[in-house]
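Reminder, nothing fancy here: chain letters follow the sequence lines and each chain counts from 1. Computed from a predicted structure; not experimentally measured.
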Amino acid sequence: MSQLELQNNTSTERKTWFADVILPVPIPKMFTYRVPMEFNDIACIGARVIVQFGHRKILTGVIGRLHETPPAKYEAKYLLELLDEEPVIQPLQINLLQWIADYYMCTLGEVLNMALPSGLKLSSESKVQLHPHFDYYESELDFNEKETAIIEALLKDEVLSYGDISKLINQKTIYSLIKSLVYKGAVLLFEEVKEKYKPKKETRIRLSQALADDKKELESLFESIEKKPKQEAILLHYLQEVPVFNHPEKNKEGIEKSSFTQADLSTSSLKTLVKNGILEEFQVIISRFDSYDAALKEVTLTDIQQQAKDEIMSSFQEKDISLLHGITGSGKTEIYISLIQEALQGESQVLYLLPEIALTTQIVSRLRKIFGDKMGVYHSKFSDNERVEVWKGVLSGKYQFVIGVRSAVFLPFDNLGLIIVDEEHESSYKQYDPAPRYNARDVSFVIAREHHAKVLLGSATPSIESQYHAQNGKYGLIQLNKRYGSGELPDFKVADMVRQKNKKLLKGEFSTELIEAINQALSLKEQVIVFQNRRGYSPYLMCQECGWVPKCENCAVSLTYHQYKSELRCHYCGYKEQVPSACEACGSTNMKTIGFGTEKLEEELSLLFPDIKVQRMDLDTTRKKNSYDTIIKDFENGNIDILVGTQMVSKGLDFDNVNLVGIFDIDRMLHFPDFRSYERTFQLSTQVSGRAGRREKKGKVIIQSRDTEQPILSQIITHNYNAFYKNELAERSLYGYPPFTRLINVVIKNKEAQLAKTAAIKLANLLKEQLGAQRVLGPEEPLISRIRNEYLMEVVIKLERSKINLTKVKNIIQEMALEVLQEKGLKTSRIIFDVDPY
DNA sequence: AGCACGCCGACT
DNA sequence: GTCGGCGTGCTC
């Protein structure tokens, strides 16, 4: 190095950088670390780092801010490691994460935790190993029994985790024990940090390049190898796949190693050829996803669709959000496709959100044909590694277009032009547990604002709030009232269950109307869908003698009876137990199942129609990765005659041979104690009804109800969204519910019922003082007052939409919660916020 | 959220 | 004594 350079390097004033790091901990702030000199030039916002946090924890975080201000009150630790030279999350996204944390009243760490696919997070675990300079057999130190046990285990296994040791000596707290071993110089503590994401690799084989480049060499090789037929066969197989003689440049890529075994060629001869340097083995990183042709086809829109599209485009001229209200089967998807193509041609990215149950193979493969490899799919049934690949594909620009579920809003886009939120009204866009309790639909508005992108909401049954905003001109509104092709609305019939019961016409819980309709459909070789939004066999078991009902031991709910596994299960905490043979209260064996779940319907239908195939589709039958597709395929192929299911059967599926849909128990949905129960019933009923009669034939829907006169039934039957909307809006206005107010649910949890109650009362009083009593409801015991052995109390905050400084109000609420938690004895409570609950 | 530390009761 | 339970405070 020359004198000058040396001087430059030493005399240049190097700045000391500090990184504010977002860590996946529920503490509402970033943590400041010092950037080591060697990372000064490469540390960037959005890169992952490894840091020491607390005494014995190592965490991965993301740099949220870089600055030069040393913290005043403490000495910042150094970053241990910089994992990325390029951001894994876009700097723009840091703002989004912060917005979500603020709006949904949780911590940045919780948001980050949700946003990053777990494959990009690193796990770390404290491990113990023997000190390299320690020799147990030579040591003169005294070790007690437990210490000896640990040392001997380490001599055998070399590395043990805390959990291993705890199990080994059967003791929960082992820290002091380890500390003494460290002090004695017997063991070392270290942190093992594992990168979870592993690229998928493929082993390939090629000819050594020297041979490929030299025809003569290659020819003489063949001559020399003639006596070894197995090796010769391998070489011939290779030359068959790769024409090295004429195209030596093609040798570089080689062929898959597995192709040799598939062709039944000898593995050991292959090994020999590699060993002798004739062939070479090498590895390449490959995608976990199959590759597809990007056969960008033009979709042809009908005049009506084209008109709707034009309306959307012109509405986007003025408004950032538009609502496409198009009835089921009106061909919204084609409009989406056309809009997506246009956005992609304009070089901007597109995000297409669908609720979990609507993101089916049907829709994905349809879009795949059009968008090919440009399209990424982000789904919860994907593995961690696959999700990381989609994430990286968005970063690298490979995926310009992503179709995904709720969590896809966190993907690292940097240039979105369009976000489509299909089935906008779906409650599954709202995450309920754990934090962040965000609504992907509403988050997409914020993303769009940052990217100057447009949002298109789509629904056949828009949520009351979206329709309201559209009617008020806050969003654009585009109506699509015609069914695609010649499809017509189905015929509806309401079966009067009370009358039927009195006349003893019911078969089980099936009305004659439904039974007859099923019979008729079956005789025409048509398929049937029966909808019941309750999984399991029956919601509970009851002793016929004394009325005893088996309850969950951790939650205040009755246990659902699941017949096929013969167990009672809690749908809240997952607790399971064997079905009791006798009543635990009175000893009677006369236990009866009460109520109907999909499982019981499946059984009853099988009994009523013994010769036909009944299949159930719910959470329990679709847990495995492909089971959902299998059921759908079976149904499409006609191997299933009656499909019984929960709301899973209501979405995104087109079956040509279904003309009858039965809604088994609409009252249960309607009387759910929640201000959205009518809305949800209208939406679900309309959606399932849409499964009936898609082509030439007029479909038929039979709704079983005990109250045939309720007005909502006629709104469903006549498809009268506007009547329903007007009615519902009036109710919401009267009782002060959204869209006229914003709600924040505050849940107070404590292992002790009394403490939960005290804390809740205290908090409610403070809030009433601060916000005005009329804005605070409760505290009340929620419907389910105990979950996982924690007692719950609920306070609801209602805020009118105008003249309220939301940020300020939320700050006050946080402060009051903190105040309650500072009180002696109440510290054990946990306070959870659910903003805009669904 | 973890995790350590300190204080207290229970048990070999 | 020591173990484990619980309450409390802290994490750059």
Peer 1: Distance check needed: B:dG2 C1' versus A:Asn113 CG, whole Å only.
Peer 2: 13 Å
Peer 1: Any side-chain N or O of A:Lys77 under 4.0 Å from OP1/OP2 of C:dC12?
Peer 2: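 Answer is yes, contact under 4.0 Å.
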Peer 1: By the 4.0 Å heavy-atom rule, please label A:Lys29 as base, sugar-phosphate, or nothing.
Peer 2: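 It contacts base atoms.
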Peer 1: Find the distance between CD1 (A:Ile832) and CG (A:Asp433) and round it off to the nearest 0.5 Å.
Peer 2: 7.0 Å
Peer 1: In whole angstrom, give the distance that lies between atom CG of A:Leu108 and atom P of C:dC12.
Peer 2: 17 Å
Peer 1: A:Leu79 has an atom CG; how far is it from atom P of C:dC12, in whole Å?
Peer 2: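 It is 12 Å, rounded to the nearest whole Å.
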Peer 1: Quick check on contacts: within residues 35-45 of chain A, what sits under 4.0 Å from DNA chain C by heavy-atom distance?
Peer 2: none
Peer 1: Between A:Asp618 and A:Arg535, does at least one N-O distance fall below 4.0 Å, as a salt bridge requires?
Peer 2: no
Peer 1: Pick one: which of A:Glu769, A:Glu819, A:Glu823 meets salt bridge (charged side-chain N to carboxylate O under 4.0 Å, His left out) with A:Lys762?
Peer 2: A:Glu823
Peer 1: Counting the atoms with a prime plus P, OP1 and OP2 as sugar-phosphate, which does A:Phe53 contact under 4.0 Å by heavy atoms, base, sugar-phosphate, or nothing?
Peer 2: base
Peer 1: Figure out the OH/P separation between A:Tyr74 and C:dT11, and round it to whole Å.
Peer 2: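 For the pair A:Tyr74 OH and C:dT11 P, the rounded distance is 9 Å.
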Peer 1: Report yes or no: is the cationic atom of A:Lys810 (NZ for Lys, CZ for Arg) closer than 6.0 Å to the six-membered ring centre of A:Tyr103, at no more than 45° off its axis?
Peer 2: yes
Peer 1: Given the ring of A:Tyr575, does A:Arg569 sit roughly above its face, with NZ or CZ under 6.0 Å from the centre of the six-membered ring and within 45° of the axis?
Peer 2: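 Output no; distance or angle outside limits.
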Peer 1: Whole-Å distance between C:dG7 C1' and A:Lys751 NZ?
Peer 2: 15 Å
Peer 1: Considering only side-chain heavy atoms of A:Arg830, which listed nucleotide, B:dA1, C:dC12, C:dG7, is closest?
Peer 2: B:dA1
Peer 1: Measuring from the side chain of A:Ile27 (C-beta onward, heavy atoms only), which nucleotide among C:dC12, C:dT11, C:dG9 has the closest atom?
Peer 2: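 Closest nucleotide among those given: C:dT11.
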Peer 1: Rounded to the Å, how far apart are A:Gln52 CD and C:dC10 P?
Peer 2: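 Taking atom P of C:dC10 as the reference, CD of A:Gln52 is at 19 Å.
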Peer 1: Could you please name the option among C:dC12, C:dT8, B:dA1 that lies closest to any side-chain atom of A:Ala76?
Peer 2: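 The listed nucleotide nearest to A:Ala76's side chain is C:dC12.
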Peer 1: Mind checking A:Pro26 for me? I need base, sugar-phosphate or nothing, with any heavy atom below 4.0 Å counting as a touch.
Peer 2: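 A:Pro26: base contact, heavy atoms under 4.0 Å.
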Peer 1: Just to verify, what does A:Lys430 make a side chain to side chain donor-acceptor pair (under 3.5 Å) with, not counting sequence neighbours?
Peer 2: A:Asp834
Peer 1: To the nearest Å, give me how far apart CG (A:Asn750) and C1' (C:dC6) are.
Peer 2: 13 Å
Peer 1: Rounded to whole Å, how long is the line connecting atom CD of A:Glu823 with atom P of C:dG7?
Peer 2: 15 Å
Peer 1: Give a yes or no on whether a salt bridge exists between A:Arg288 and A:Glu389, defined as a side-chain N under 4.0 angstrom from a carboxylate O.
Peer 2: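 Salt bridge present between A:Arg288 and A:Glu389.
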